[in-house]
Amino acid sequence: MTKQYDVVVIGSGPAGYVAAIRCAQLGFKTACIEKWLTSDNKTVYGGTCLNVGCIPSKALLDSSHKYVEAQQHLAAHGIKTGDVSIDVTAMIDRKARVVSQLTQGIKGLFAANKVEGLAGTGKVTGNNTVSLTTHDGKQEELLANNIIIAAGSVPIEIPPTPIDQDVIVDSTGALEFQEVPRRLGVIGAGVIGLELGSVWARLGSEVTILEALDDLLPMVDRQIAKDCGRIFDKQGLTIKLGARVTGSKKATLNKKPVVKVQYTDSEGEQEIVFDKLVVAVGRRPLSETVIDNSVGIELDERGFIKVDDHCATNVPGIYAVGDIVRGPMLAHKGMEEGVMVAERLADKKTQVNYDLVPSVIYTHPEVAWVGKNEEQLKSEGTEYNVGTFPFAASGRAQAANDTEGMVKLLADAKTDRILGCHIIGASAADLLQQIVIAMEFSASAEDIGLTMFAHPALSEAIHEAALAANGHAIHIGNRKRR
Ligand code: FAD
Ligand code: NAD
């Protein structure tokens, strides 16, 4: 008998599992199809984010940060550690346990909310039909009043450096090294390149990042990006800008596999040898296998499913959320889209505010931003005030001996409304969220200035930057009017 649902969700990453849970909470009979299998052939929910993305990368960033703390920074607090060493296998095993705990958690949430998890591959075959191919090859047709496609994205591969998941790996392979590579190459100085490059550099790899563009982090406020370049350099990450990779050749050196990478830069043709190479040049939407062409769902020229502001495709009753549609490829953006679609199916008026998607790079210090940066405000001709405050002047940052970075707040020169915030510093992600909330409520810099902040806390740097934007910081904040 054909199974019938109110909603069928394809994919259980952050966009899909959140959509499915919210649909079920709203009373819809909901199924969520997931094809991901563990190495021992068990279905796992959570998608890229939980299995090979946000969570495992942060587990390794936290482990490697603690290693650097123990090795280099605890002595300043009077703590003697003796010889500090890293057990890579134990670190990778811990990461696997964190992942497993969280993916099991999604299974529990599905059960608690009565979402039916279906193992296998889903394909949209009509306005109201999805075919499910189970892992043993059986095919089943599901009927659904509404379909939500949340099939996510996969790493982009480039012809000069074919992935073998041994010497040349993608981000997934870079989370599984069993020993610290002596020389690690990374192609792409984007978010993954910087985060995973940092992990292995902290553990002792000589890391070289080859970036095709001439500017580091073009999406980041220039002043902050300049600070990033200086800090990463000090941490031992060699970032070669304007480096275009043209080819690679695997070889054996001292009986060990290596890869020779050819690239061109302003000085001509170059070659560099690595023990491991990570290709981190972006991700692409996984749209080609999830839709039958006959359904007529429109894709854009890069393969993203075309949707409106409410994530509706051009086919009535079919929605798409997360990495498979336009916008930043971020877990929290996909989750909010999942909630929005579920609630709109229940006739609520929920929207996503795409102007306030926070971005974070989880290096140390962290880099976090929201809203407009100075370059964007200048190009659109908006007059603005800038308030900055360095963590070097924060009592709490000094107490923690972690003083790198600053908070930069941009406010409209006429209305004082906050237009953007850019932070480089310890806990920047959590600090930024205060401004995301403030901006969601259309706060002014003065509103933040008039708010009481607990002392001593890193968040006082936000308070001071807001005061500085209006020219009256108490502790050396800096104001500029542009
Ligand atoms: P995915 O998480 O990709 O999930 C899609 C799911 O659909 C997968 O489980 C897949 O198996 C399944 N699927 C696909 N096709 C089918 C089909 N036909 N049938 C059944 N199932 C199917 N973002 C952040 O916000 N913060 C971070 O710190 C962060 N760190 C990251 C670190 C790394 C190394 C990587 C690679 C990504 C990171 N991201 C981060 C990005 C984040 O992981 C993605 O934006 C997010 O996972 C997208 O969610 P999604 O639900 O759209 O897709
Ligand atoms: P990215 O788009 O952030 O960076 C890719 C970089 O590779 C860019 O700087 C690009 O110029 C460069 N590049 C592209 N082709 C190249 C080539 N042939 N040679 C040299 N450089 C080249 O992509 P990513 O780092 O792969 O991450 C993918 C997605 O995952 C991103 O959209 C990101 O949002 C998401 N992600 C987010 C987080 C986070 O939120 N902290 C962490 C990891 C990944």
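We count residues from 1, following the sequence as given. Ligands are counted one by one from 1 in listed order, and the atoms in each one are counted from 1 as well. Hydrogens, waters and symmetry mates are skipped; everything else that's a heavy atom, side chains included, is used.
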Going by the 4.0 angstrom heavy-atom rule, the piece of K123 near ligand 1 is neither
So for S57 against ligand 1, with non-hydrogen atoms under 4.0 Å, the contacting part is side chain
Please determine if D221 and K408 form a salt bridge, counting it only when a charged side-chain N lies under 4.0 Å from a carboxylate O.
yes
For the pair R230 and D233, find out whether any cationic side-chain nitrogen is under 4.0 Å from an anionic carboxylate oxygen.
no
- R183 and D275 ion-paired at < 4.0 Å: yes
for atom 32 (C) of ligand 1, nearest protein heavy atom and its distance come out as G53 C, 3.3 Å
Decide whether D265 and Q270 meet the rule of one side-chain donor and one side-chain acceptor closer than 3.5 Å.
yes
When distances are taken from atom 3 (O) of ligand 2, the protein heavy atom at minimum range is V191 N, 3.3 Å
Quick look: A150 vs ligand 1, heavy-atom contacts under 4.0 Å, and the answer is backbone
Tell me whether P155 reaches ligand 1 (any heavy atom closer than 4.0 angstrom to a ligand atom).
no
Would you say the side chain of V307 lies within less than 4.5 Å of the side chain of E337, judging by non-hydrogen atoms? no
Min over A429, A368, G193, G282 of heavy-atom distance to atom 2 (O) of ligand 2 lands on G282
Among R284, H332, M329, closest by heavy atom to atom 33 (C) of ligand 2 is M329
Between Y354 and R326, is there a cation-pi geometry (under 6.0 Å to ring centre, at most 45° from the normal)? yes
Does a side-chain N-to-carboxylate-O contact under 4.0 Å join R284 and E157?
no
Carboxylate-amine/guanidinium proximity below 4.0 Å for E195 and K58:
yes
**Prompt:** Can you find an N or O of R283 that's nearer than 3.5 Å to an N or O of ligand 2?
**Reply:** no
request  = Could you tell me whether some N/O pair between I192 and ligand 2 is separated by less than 3.5 angstrom?
outcome  = yes
Checklist entry - Quick check: does E34 get an N/O under 3.5 Å from an N/O on ligand 1? => result yes
Check: Is any NZ, NE, NH1 or NH2 atom of the basic residue among R22 and E343 found under 4.0 Å from an Asp or Glu carboxylate oxygen of the other?
Finding: yes
Checking heavy atoms under 4.0 Å, the part of R283 that sits near ligand 1 is side chain
**Message:** Within the 4.5 Å heavy-atom criterion, are C23 and D6 side-chain neighbours or not?
**Reply:** no
Per-atom filter on ligand 1: closer than 4.0 angstrom to a heavy atom of K58 are 27 (C), 28 (O), 29 (C), 30 (N)
Note: ligand 2 atoms sitting under 4.0 Å from heavy atoms of V360 are 39 (C), 40 (O), 41 (N)
Going by the 4.0 angstrom heavy-atom rule, the piece of Y45 near ligand 1 is neither
Short version for V360: what comes under 4.0 Å of ligand 1, heavy atoms counted, is neither
Margin query: Below 4.0 Å from ligand 2: does a non-hydrogen atom of E195 turn up there or not?
Written below: yes
Under 4.0 Å between heavy atoms, the region of L330 that gets near ligand 1 turns out to be both
Decide whether the shortest distance between a heavy atom of V290 and an atom of ligand 1 is less than 4.0 Å. yes
Review point. Do F391 and L431 have side-chain heavy atoms sitting under 4.5 Å apart?
Key: yes
| query | Do any N/O atoms on A212 end up under 3.5 angstrom from N/O atoms on ligand 2? | reply | yes
From the list R202, E69, H364, side chain to side chain donor-acceptor pair (under 3.5 Å) partner of S64 resolves to R202
Does the N or O separation between Y362 and ligand 2 drop below 3.5 Å for any pair?
no
### Task
Flag the pair K306 and E298 as a salt bridge only when some basic side-chain nitrogen lies within less than 4.0 angstrom of an acidic carboxylate oxygen.
yes
With heavy atoms and a 4.0 Å threshold, my read on which part of S153 contacts ligand 1 is backbone
Closest to atom 5 (C) of ligand 2 among protein heavy atoms sits A280 O, 3.5 Å
Q) Is V44 near ligand 1, meaning one of its heavy atoms is under 4.0 Å from it? A) no
If you scan protein heavy atoms around atom 22 (C) of ligand 2, the nearest is V281 CG1, 3.7 Å
